[in-house]
There are 2 protein chains.
Amino acid sequence: MKKRVSLKDIAKEAGVSIATVSYVLSKQNNTGISREVTERIKRIAAELNYRPNQIAKSLQSGKSHTIGLIVADISNPFFALIARIVEDEAKKHGYTVIFGSSDEKASKSADLIKFLLNRQVDGFIIAPAEGSKDQIEYLKAQNVPLVLIDRYFPKLETNYVVIENYLASFEATGRLLANGNNRIGMVAYATEMQHMQERIRGYRDALAQDGISDTFVHEIKFSAIQSEVEGAVDQMLNMNDPVDAIFFATNTLGIIGLKYLNRLKVSIPKDVSVIVFDESEAFDFFYCPLTYVKQPLHDMAKKAVEVLVEQIADPNKGFHKIKLGAKLVLGDSCA
Amino acid sequence: MKKRVSLKDIAKEAGVSIATVSYVLSKQNNTGISREVTERIKRIAAELNYRPNQIAKSLQSGKSHTIGLIVADISNPFFALIARIVEDEAKKHGYTVIFGSSDEKASKSADLIKFLLNRQVDGFIIAPAEGSKDQIEYLKAQNVPLVLIDRYFPKLETNYVVIENYLASFEATGRLLANGNNRIGMVAYATEMQHMQERIRGYRDALAQDGISDTFVHEIKFSAIQSEVEGAVDQMLNMNDPVDAIFFATNTLGIIGLKYLNRLKVSIPKDVSVIVFDESEAFDFFYCPLTYVKQPLHDMAKKAVEVLVEQIADPNKGFHKIKLGAKLVLGDSCA
DNA sequence: AAAATAATTTTAAACGTTTAAATATTTATA
DNA sequence: TATAAATATTTAAACGTTTAAAATTATTTT
């Protein structure tokens with residue numbers, strides 16, 4: 001790689017000191033450098049195609065103007081979209097994004113955090129994995145600006161931007177009930193993470209409010225999603241008194257579950273009603289327009305960047321705890 | 001943000017010079033530092049939770065151990081998957097990834113390249129946008145290691161990892177012909193980029209080889225994808241002698257086209273046959289299993305990282321020009 | 001024309017690291 | 001016990017930037 005042009009090169013060419021060049025090039029105006037020298041330096045900088053070395057700037061300023069984004073999996077459309085919005089919003093504020101995928105594993109998350117800290121990111125946006133609470137606490141203790149997204153730890157004071165999982169789930173389940181279903185199963189992830197537990201609680205409370213005591217929650221391990229979802233569906237359909245509705249707690253669970261229901265030739269909503277938390281391009285091709293919970297992803301990601309940038313600028317502002325509402329979009333999948 | 005622990009802090013604590021600490025901590029062994037001092041320094045470093053400042057290392061070494069990834073849109077599953085694989089492969093080689101989305105615009109691509117150069121990335125993996133040829137030439141002239149992915153410029157000597165677009169398209173079109181279709185339309189993007197032109201050429205040659213002179217290529221502008229795809233489909237179906245098959249040249253075009261065909265209640269493959277270049281989660285929900293071209297995305301991304309890392313290590317190795325085969329996966333959508 | 005003031009430019013240190021070269025210390029050899 | 005040799009440690013410069021403070025030069029003011 002060709003040696004990059006530095007202030008030194010410009011200084012030599014212009015016959016002035018490095019400092020003079022720096023003043024001219026890094027302050028917008030009023031630097032006390034003469035008009036003539038200013039112009040000469042600017043001309044030479046342009047001629048030599050000077051590009052400031054951001055790394056040197058970072059070392060000097062202690063700011064990298066970089067934010068670390070940690071999600072479960074950047075190839076999951078849910079997170080990919082978040083990443084895209086974070087990228088755009090961050091750029092608006094002059095920040096670059098370095099991302100990493102934790103695969104929902106605390107160990108990978110820890111590696112990523114270390115890695116990104118070494119690279120001196122100015123702050124983090126994290127969709128925390130289960131068991132990563134101590135990592136977040138560590139960052140807090142180090143006063144590293146951070147915003148949790150999508151999930152958070154209720155017992156930990158942090159900035160976060162999440163959605164009203166309980167309400168959304170309560171509403172979705174309520175819709176199934178209102179449509180006459182009363183044996184409603186739920187397929188969720190096996191995780192203590194609050195967002196998932198809230199979705200389950202919303203489901204349970206909705207049933208309880210209707211005086212229904214039979215709940216069927218199937219918690220799926222990340223390590224064997226497909227087989228466990230299929231097992232859960234099998235179980236729910238093969239009970240003595242099978243379910244008449246299934247509520248999938250995420251995008252991925254819904255896709256896998258619906259694919260399996262297709263394979264079983266279970267007809268929706270005739271044989272069983274379905275609601276999915278999250279949307280997906282894929283659902284547009286499902287023969288039956290789905291009823292699903294639409295998360296305000298754009299707002300969530302945008303807000304997260306805003307909060308983070310604010311925290312970086314002034315770490316002593318109080319915590320931002322933001323819960324956004326989700327919308328139940330009605331299709332024909334729960335009759 | 002709390003002041004980070006530096007070599008200086010450790011040195012002071014240990015009563016030795018910074019250099020000694022550096023030798024102990026950065027060389028694995030045989031540094032000529034006494035056993036006793038070595039152990040003391042290591043202990044103190046651990047106690048203080050020392051983390052090397054990667055930025056300072058980068059400044060000193062001239063290597064950032066970062067690669068820039070530029071794709072059209074990170075939220076497009078095609079690129080999101082590439083990003084994920086690049087991330088994983090890069091990490092294996094000790095590299096971090098900074099990504100950016102060009103939205104197929106040369107101007108955005110130029111901004112991104114500047115931005116990433118300022119951040120001293122060691123090299124680039126780029127899915128180049130139309131009109132970005134001069135940017136790539138500039139990077140070449142500056143001897144910045146780079147690998148093009150998915151697309152390339154035939155007249156420009158660079159490293160690239162792409163697929164055999166012509167062959168794949170030829171084969172796909174051949175399949176439509178073999179199944180008895182002979183009025184075959186194609187929906188592609190309006191771009192001079194070679195990958196798209198090759199797909200169109202493959203389609204044309206396949207028809208020509210069968211002695212069919214009626215070709216219907218609709219080139220869609222990025223600025224109005226949905227309306228133009230729908231217009232193209234309308235036109236193809238409302239001709240005097242309508243098409244009996246449609247070949248969508250990408251993922252996105254296919255999804256939009258199929259959604260529209262659904263809305264028109266056009267039945268596949270009864271009313272019209274369909275093949276799509278690329279796969280998508282969404283296609284799994286389409287009522288008719290699709291015949292599609294499956295790209296070896298994993299190999300492509302992995303190879304791109306390998307080539308880039310090799311180029312960074314030794315920029316004088318010759319260019320790697322890699323074309324991977326794609327596979328036609330048979331469904332029931334072309335009868 | 002000297003002194004005071006203002007305008008311009010340079011020096012030098014700093015950010016945190018690496019590393020060649022110099023120096024200091026210990027151990028071995030004669 | 002000098003001296004040579006080997007071992008251990010430090011000094012100093014460098015990477016490219018910023019910026020306070022010092023120095024220089026030019027312009028006013030008396």
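Here is the naming used below: chain letters follow the sequence lines, and residue numbers restart at 1 for every chain.
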Inset, instruction - Return the value, rounded to whole Å, for the distance between atom CG of B/L59 and atom P of C/dG16. - result: 12 Å
Legend entry - Side chain of B/V37 - closest among D/dT9, D/dG16, C/dT10: D/dT9
Legend entry - N/O donor-acceptor pair, side chain A/Y23 with base D/dA20, under 3.5 angstrom: yes
Inset, instruction - Using the closest heavy atom to pick a nucleotide of DNA chain D for each, name whichever of A/L7 or B/T38 lands nearer the 5' end. - result: B/T38
Legend entry - Euclidean distance, atom NZ of residue B/K3 to atom C1' of C/dA14 [Å, nearest integer]: 12 Å
Legend entry - Nucleotide nearest B/Q60 (side chain, heavy atoms from C-beta), chosen from D/dT10, D/dA14, D/dT19: D/dA14
Legend entry - Phosphate OP1/OP2 of D/dC15 contacted by B/K57 side-chain N/O (<4.0 Å): no
Inset, instruction - State whether B/D111 and B/K105 are salt-bridged, where the test is any N-O pair (Lys NZ or Arg NE/NH1/NH2 against Asp/Glu carboxylate O) under 4.0 Å. - result: no
Legend entry - Atom-pair distance (CD on A/E36; P on C/dA7), nearest Å: 18 Å
Inset, instruction - Quick one: label B/S34 by what it contacts on the DNA or RNA (base, sugar-phosphate, nothing), any heavy atom closer than 4.0 Å. - result: sugar-phosphate
Inset, instruction - Using only side-chain N and O atoms of A/S26, determine if any of them is under 4.0 Å from OP1 or OP2 of D/dT18. - result: yes
Inset, instruction - Grab the CZ-P distance between A/R119 and C/dT17 for me, whole Å please. - result: 14 Å
Inset, instruction - Could you check whether B/S6 gets within reach of a base, just the sugar-phosphate, or nothing at all, counting any heavy atom under 4.0 Å? - result: sugar-phosphate
Legend entry - Whole-Å distance separating the CG atom of A/D9 from the C1' atom of D/dC15: 13 Å
Legend entry - A/K303/A/E306 ion pair, N-O < 4.0 Å: yes
Inset, instruction - May I ask you to verify if any side-chain N or O of A/K27 is less than 4.0 angstrom from the OP1 or OP2 atom of D/dT19? - result: yes
Inset, instruction - Answer yes or no: does a side-chain N or O of A/K8 lie under 4.0 Å from OP1 or OP2 of D/dA14? - result: no
Inset, instruction - Ignoring backbone atoms, test whether A/S17 places a side-chain nitrogen or oxygen under 4.0 Å from the OP1 or OP2 oxygen of C/dT9. - result: no
Legend entry - Closest nucleotide among C/dT9, D/dT17, C/dT19 to the B/A19 side chain: C/dT19
Inset, instruction - Answer yes or no: does a side-chain N or O of B/S22 lie under 4.0 Å from OP1 or OP2 of C/dT18? - result: yes
Legend entry - Sidechain N-carboxylate O distance under 4.0 Å for B/K92, B/E89: yes
Inset, instruction - Measure the distance from CZ on B/R51 to P on C/dT17 and round it to the nearest whole Å. - result: 12 Å
Inset, instruction - Measure up the B/Y95 and B/H65 rings against each other and bin them: parallel (under 30°), tilted (30 to 60°), perpendicular (over 60°). - result: tilted
Legend entry - Backbone N/O of B/S64 and side chain of B/D122: donor-acceptor pair under 3.5 Å: yes
Legend entry - Carboxylate-amine/guanidinium contact B/D9 B/K3, below 4.0 Å: yes
Legend entry - Spacing between B/I18 atom CD1 and C/dT18 atom C1', to the nearest angstrom: 11 Å
Inset, instruction - For B/I33 and C/dT25, give me the distance from atom CD1 to atom P, rounded to whole Å. - result: 15 Å
